[in-house]
J.: 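One structure coming up, written as structure tokens, with questions to follow.
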Amino acid sequence: MTPGLNHYLVVSGLLFSLGLLGVLGRRNLLIIYMGLELMLNAGNLALVSFSRFNENLNGQVMVFFTITVAAAEVAVGLALIVALYRKRQTAHVEDLTTLKF
Amino acid sequence: MVVDRKPLNWWERSYLPAIAGGFRVTWRHFANTVFRRKSVTMQYPEEKWVMPEGYRGAPYLVSDVDGHTKCVSCQLCEFICPPKAILITPPGPAGLAPDRPNAEKMPREFEINMLRCIFCGLCQEVCPEEAIFLQKDYSLTGLARGEMIYNKEKLLKLGGVDTGIQKWKQKLNEAREQEVFPVQGS
Amino acid sequence: MFESVQYWDPAAQFVLFSALKILVVFGATLTFVSLAVVAERRVSAWIQDRVGPNRVGIPFTNIRFLGLGQMLADGLKFLLKEDFTPNYVRTVYFWLAPAITLIPAFLTLAVIPFGSTLGNPNNRMVIANLNVGILYTFGIVSLGVYGIVLAGYASNSKYPFLGGIRSSAQMISYEIAMGLSVIPIFLLVGSLNLGDVVGYQSGGLHTWLVWKQPLAFFIFLIAAFAETNRLPFDMPESESELIGGYHTEYSSMKFALFFLGEYANMIASCSMMVTLFFGGWTPPWGAEAATTLWAGLGHVACFLAKVISMMLLFIWVRWMLPRFRYDQLMDLGWRRFIPMALFNILVTAFVVALWQR
Amino acid sequence: MNSGLISIELGVGLLGLIVLMADLWIAPAHRRYLGWGAAAALTCLLVFGLGTLAPQSGTGFSGLYVVDPLARFFKAFFMLSGVVVLLMTVEYADRLAVGLSEFFALTLFAVTGMLFAASANDLTMMFVSLELITVTFYVLNSFQRGKLASIEAGVKYLILGALASAFMVFGIALIFGSANTTQFPELALRQRELSGSPIFLTGLAFVLAGLGFKIAAVPFHGWAPDVYQGSPAPATALLAVGSKAAGFVLLLRLLFGAVPQIATEWRGCLGGLAVLSLLYGSLGAIPQRSVKRLMGYSSIANAGFLLLGVAAVSPAGSIAVLYYLAAYCFTVLAVFTVLCVVMNGSDADDMADLAGLGVRSPVLAAVMTLALASLAGVPPLAGFIGKFLILRAVIAAGATHPGYYGLAAVAVIGAVISLYYYFGIVRMMYWGGESQERSGIAMTPGSGIALLVCVVGILYLGIAPHGLLQLSADAIAPLQPSGAAVVLSEHLGVVTPGGASR
Amino acid sequence: MLTFLILLPLITALVVLAIPGNYRFIIRCVALLGTLETAIWAAILFFRSIPGTPDYQFEQLVPWISAGGLHVNYHVGVDGISVGLVLAAAWVGFAATAVSWDVERESKMFYVLLMLMISGSIGAFASLDLFFFYFFNELALVPTFIMIGVWGWGTDRQAAAFRITLYLTLGALVALVGLVALYTVTGTLDVTELQRQLAGHPLPLKTQMLVFPCLLFGFGTLVGLWPFHSWAPLGYASAPAATAMMHAGILKKAGLLALLRVAWPFLPDAVAYWMPVLAWLCLGNLLFCGFVALRQRDLNLLIGNSSLAHMGFAFLGLASMNVIGLTGTVLVMVGHAFLAGLSFALTGWVRQQTGTVEMPRLGGLLRTMPFIGSAMILCFLAGCGVPGFANFAGELGVLFGAWKGAMYGLHGWVLAAAWGGLVIGGVYMMRAIRLVLHGEPKREWAEVSDATSGWRRLPFVALLAALVFFGVAPGILTRRIEPAVVEIIRMAGQRALPAAPPGATAAMQR
Amino acid sequence: MPPLTDLLFYVFAGLTLACGLLCVVNPFSRNPVTSAMFLVLTIVSMAGLFILLHAFFLAAVQILVYAGAVMVLFLFVIMLLDLREEERRRIRTFSLGTGALIVVVVAGLLVRVLSGAVPVRPTGLGVEGHTKILGRILFEQYVLPFEVLSLLLLVAMVGVILLSKKDMK
């Protein structure tokens, strides 16, 4: 069966869900962050496939923006995680307990 | 003491002159080697280095003009040897060698472990009989460790006959000179 | 035999030629790598007033053609040595790393036009004629760092680790300078396709982009040194500090893969430089795409000659400059070359805009 | 390209760059003057920029960017809060170990992002400007690297912010795919056919989830209390005011500018979220001891109030949201400025540290009381008018659906609870226990000006709301009450000028 | 004129603010002068108002907001109902300022807040725009919380402050919801505008049924309608005298006024529907609070509960829905304003002198402080509804009204119970007199002093005089009240649907 | 050759999903490095999908930026932090289960909604991601977001330096 728009979209939807699974299910900040990257990528895939099948290149431009934003976010985020690790020797969500009541 | 760095001007700080200099130097060497064949490397097994005077290689035993071993088993060299490469077996109570009854104590066995020897030359320094010399050999090879322990025969063979230095003649001359030493006045 | 091919289905022809090209390029690169190793040793020797390895020729004869048999000997040695895996390493990554290092280096070569044609205009002498050739190259090159990082990580030992960290930082940093430095080229050429870049320079020596973009070339060259971890930027390996860096724990064939990777990277960089700045396969007097087999081969030879010259430059530089300190390296990359490259882009863009108006 | 349209954004962005560069030549001891300079310059931009530079309305950059009264309203809003936050930062400078000028610059960049957000007329522009805000806040929140709390705040904001971005990207993808455009006006043209497309609706829901994060509405609220507590006070203030307002302006534009019909269909959902936010925020705030954390919960509750205004799906509701935001801006800024000044010595922000403030500094205590009273909705302060407008909008919408009366009831309950916890702080200030500290509190001129601005704002908005109300009414004009909204107001037969239409 | 009255305390507050905090004497003098002037002007206003007309007088209208679909004007004016209340507010305000002479702590803030309260209450009574009514009401309410919290008495004053804050805010907000709902339907909050708009076009029943409960429970809470009353005694017990005077005496009446102004004329169907409920609830006030008052040991709690009981009378009058009942209610409101002011002033004096208001601990105060004691007896007598005081006329009116209303649906039991409430009132008042004033003076209270100087006596005398004056000549009030009440009844007469029992309309028309 | 590209779609899609799954929940290893490597594989397979969708430029950018820079940064950080202790932590079955439940719901919803997707303009062969056209759109239509992004990158740069500089001052 020739893959059409919906095939690509289902892949992207599943990828999004996988990323969400990583965010919700895992406790390691780095892996959570990777899950977030997966979700962003799922968005990219959806954009590119729409862009292809709708014959509208604007979606690809949006992907370009997304990738850039993701890169910036990752840079800041990893710097933050490293700062956290320096302070607390952990990269685990459960250890973020300073701010509770 | 603090040595201030030489302040660089703008042009120097771009490091381009230094880089160009580097290119020049390396190019000179390259060209010398390739085009003028001025490489410093010898084609070793074919060409060999001519040892300079005074080169100190492996220590070998020498025999005197009569072809006799000069060593008298005093064991000073064995004692002084830093890596303990020398092993001397003195003649012991069994008596003197039958071939040289006049000699004092010719070693029954004299071994140098060339794997250990560091060519320091202390044995030569210390030898009262001038029986051991550092010679020009530097490339000692063997197929087994055992081969690298040179025994007396091998050492003597490699060492050859020493004609230049005759210690006892010297001593004799010195003794003679001492006889006219003004003793009586004392 | 060749004649019969011409009557095949075009697609089949395409596949056949592509496969052939891939085979040839792969084989040639491997040969080139071993040659480069020998060449490096010999040139090094010459620069240091030595002779270098000149004895190993054809075995069991006295024929020693410049010692080129050394490359076989080296290869044999790598193959036959004991392959040693320390028991504290992370095994999977330890095995993965050398392979990851090697693959990108070869993949990079896919987009480089190493000749015009072999007479048939349909078969261009490039494995993949991509519109985004240069981006592809940079993408693949950027993957190369994984091998080194993983090697450092997998070795589970401090020197390889430091080497891996240094290397990844160095490669990421210089990738930026490198990428920025080539942008003016594409501003001038107007296409990301490397074939077009070569076409732009096909008018002869004076059309080579190195004259128009000396600064870009300069930056690219130095970034290439850093990307290939060559002296004076071989911090990741730096024998005197890190006893070999990321490949300290490697031996035998796995080490050989790193070695191959390094030289293949070097070849790739040189090919890139030749393509971007020195007219690619065009001879210095300029040329159109070849129409005969021999002209085509001549172009390939021309390309190879240029690449070899660039490689010699690499080798030459190795003996010229001392190793930089790590902070100096980073300083150079971030605070000198990136601004310079940006400046270059601005100026070029300005000029191009003026010129087009 | 009519780049004159973005002159304000350019100005603020350049100002940030200048601050960043000026840092190189300014001795560390004098860096705080940079804040003064930045605040002054921003004020100039606010006055001249909105007055002369970009008075024209218009659409630019191929429809991605629009300057209309709504945008201008929010631009003024953002710049004003930027000025106050800068002044606040000057007060806070001693506690930022390093990078003071970077803090100023980042504040300015965040404001730039907000300015762009105010004018975003396209999903791409919306995404990009929101990301500019968000990423800036990652840094601002964790600015006190030495404090674990600050870093944790940053990390929490980071994870949830990135999650929101991911949702937004996916949502934008789906909207783009089903509508083949990302521009709001074009979406508005096609909304009738799109409202039947499940992909479009899913995408819209995802984008709204992303915006929900920005405004800290339940269930995207998880970060707010922690982040508010952990972050440096100026960052929190900007987060509370600017980021939330940016979220709301985009929400308004998206819901009413692009898909009013769907907004009407989804009003129940919006109302539900509003109720949840209100109750969660109000109830969560009760046991808090940390003032900043309390403000975090209060911010959730206020998001609930604002969402009520949105859920009303009427011009009145939008006006109310705008007015409420303006009131909220002054009030929250006042609270955080006072916190900045009071907490100067200690870094803690426990409520007990406020004990005896009434004695130590009657002025600060009075301002704080005023601000809290305004937050609680006590007349004649700004907050009251805001709450009144929201209530009015909700009750007016009640004619279309009786569920709105329930919303009004929840609003009342929320307001009462909020009064409880706000007055908890007031009580602490005036007759709360014995504080060890008896010394007076010095206030720098910077925070003095900031407080003055806030107090004047609170009182002005409370006593003479006409001007701002007119502005808000003008501002929401571009959100054409097309389609459903018109039907709605006709059905209501309300809000007709003069009131004598019957 | 009215604006001037509203502004006068505000200006005084500003002047006080400008005086440095340690010039206490000057602050007090300024505050006293300001309130005295207000009181005098209020009296002038009262006597210059024309009796016998339902029209609003001294009207003033300034446009305030007319943007964003919101149209609110600053609109003040008084009719017969509110003019008395304005007078009472100013008068009690003056008395409250006078009895606060001895406040030492943070006296500046105290006076400022007090001025705000006075200004707010006058404003609330004078507002003809419900938005401003709410506005002024809250302006007067908020200082209450602070004053109780800061200057209050007793250990649980914070709890009291919190409870009063929460209850009153909740009430205010619920009322606000009602007002907003009214506004969304009519588009205006101006009472005159509403009257004009709704004349002949009564609101739909649905709206009425929506708005009325909000108003009833909102304002009911403000007034202290059972069972939302529990804040009141506690709050009064903790509040400083002046606050309690202002709040119990004046502010509560704002809620009643709003009900009278808005609920009765504009929402008659809903009123009719809720009438029985209201009646039973006011019984709660009358009997429950009365019984609670019987059991009190604390004089302030007793007075607080008794004032709730009085509010019960007011509600009863409202529930009766006829001219005499409503007039009685207004009379009760005015009378109780003075009465509550006076009683809290007196207990404030006692508490300040003795430090306690526990009735069993006091005793024989009539001997040690004859003036205060006498005033207290008079005051308590007034509280029982003894003729000659203002309350008597009001309570009588209410009971008559209720009697009449019984024909229209008010349960007979309610009426009987109201009489019972009157009796209970007598009982606890007498008990208080016995416990506090009579008997042997205790030795621990030998040192206490009476209000001796003329200045000290002035507030008590003023309030007593007012009580007696309106008790003796209620006609001065009723002449002004009746036309306004008639107008209200007339408005209420136009009902959306003829659901009332046959005789009702006639009864209401009377 | 259409069948080949179809086949490639299934290969790349399968790879993408499988590697994505192994990235977030790997039953064999909880080592973050493994996750990161699988994420790299995911990204590379996605680049393959991009190529199938004729988005060559984006495929290259995807590899260049994501695989080449972002993920290296990830690896870098993972290596900097000594996370071996993390691997030994007990998995919270409950939270994982709850998360999985939510995810299943979301996934179900998405798949149901998305499987019915049809192109809005289903005619034609579609546009190729020619770099030139893309560049034109980017710099003409989307120049403003592009410039905003540049500011964003500046902010990120400043932020990273602030956050990770050793002891400043």
Side-chain angles (χ1 to χ4, degrees), chain D residues 315-316 319-320 322-323 358 362 366 369 373 376-380 384-385 387-389 391-399 405 408-409 411-413 415-417 419-420 423-424 426-427 430-431 464-474 476 492-502, chain E residues 21 63-72 106 108-109 120 131-132 134-139 141-142 145-146 149-150 152 157-158 161-162 165-174 176-190 193-194 196-198 201 206-207 210 214 218:
Chain D
I319 292 173
L322 261 57
Y323 200 95
T369 312
V378 171
F384 166 70
I385 309 276
K387 282 205 170 64
F388 174 79
L389 291 170
L391 265 182
R392 181 187 65 136
V394 171
I395 291 172
Y405 296 130
V412 167
I413 294 169
V416 172
I417 302 177
L419 195 80
Y420 176 78
F423 272 81
V426 175
R427 180 178 65 167
Y430 283 104
W431 56 94
H466 178 82
L468 189 73
L469 211 51
Q470 188 66 53
L471 265 182
S472 317
D474 294 345
I476 63 140
L492 273 172
V494 295
V495 205
T496 40
S501 64
R502 303 173 126 263
Chain E
W64 188 52
I65 316 175
S66 60
L70 200 61
H71 298 276
V72 179
E106 298 264 339
K108 182 167 137 185
M109 280 314 284
F131 188 90
F132 268 92
Y134 187 84
F135 193 110
F136 280 120
N137 190 33
E138 286 283 318
L139 184 69
L141 267 182
V142 173
F145 314 142
I146 303 172
V150 182
R157 64 167 189 265
Q158 290 181 17
F162 256 96
T165 309
L166 287 184
Y167 267 94
L168 295 189
T169 315
L170 181 67
L173 280 169
V174 171
L176 182 65
V177 168
L179 291 181
V180 170
L182 187 66
Y183 175 77
T184 55
V185 179
T186 60
T188 182
L189 279 176
D190 195 315
E193 177 69 35
L194 278 171
R196 200 162 35 244
Q197 223 184 87
L198 297 181
H201 303 279
K206 196 177 140 213
T207 317
L210 180 78
C214 291

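Chain identifiers are assigned alphabetically (A, B, ...) following the order of the sequence lines, protein sequences preceding nucleic acid strands; residue numbering begins at 1 within each chain. The basis for the numbers below is simple: all heavy atoms, side chains too, and nothing from hydrogens, waters or symmetry mates.
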J.: Nearest 0.5 Å, what's the CZ-CG distance between D/F423 and E/L166?
T.: 10.0 Å

J.: Taking every heavy-atom pair that is under 4.5 Å apart, which of D/V378, D/L322, D/L468, D/L471 has the most such pairs with chain E?
T.: D/V378

J.: Which residue is it: E/L182, E/V180, E/L179, E/L176? I am looking for the one with a side chain to side chain contact (heavy atoms under 4.5 Å, CB included) to D/I395.
T.: E/V180

J.: As an exercise: rank E/C214, E/A181, E/A172, E/P63 by heavy-atom pairs under 4.5 Å with chain D and give me the winner.
T.: E/A181

J.: Listed by chain and number, what are the side-chain contact (heavy atoms from CB on, under 4.5 Å) partners of D/I417, not counting sequence neighbours?
T.: D/S282, D/L283, D/I286, D/I413, D/Y421

J.: Of the listed residues (D/G467, D/G424, D/A320, D/P465), which shares the most heavy-atom pairs with chain E below a 4.5 Å separation?
T.: D/P465

J.: Could you look at E/V177 and say if it's the side chain, the backbone, both or neither that has a heavy atom under 4.5 Å from chain D?
T.: both

J.: Identify which part of D/Y405 has an atom lying under 4.5 Å from any heavy atom of chain E, answering side chain, backbone, both or neither.
T.: side chain

J.: Among residues at least two apart in sequence or on other chains, which ones pass ring pair (Phe, Tyr, Trp, His ring centres under 6.0 Å) with D/F388?
T.: E/F131

J.: With a 4.5 angstrom heavy-atom cut-off, could you sort out which part of E/L141 is near chain D: side chain, backbone, both or neither?
T.: neither

J.: Any side-chain heavy atom of D/L391 within less than 4.5 Å of one from E/Y183?
T.: no

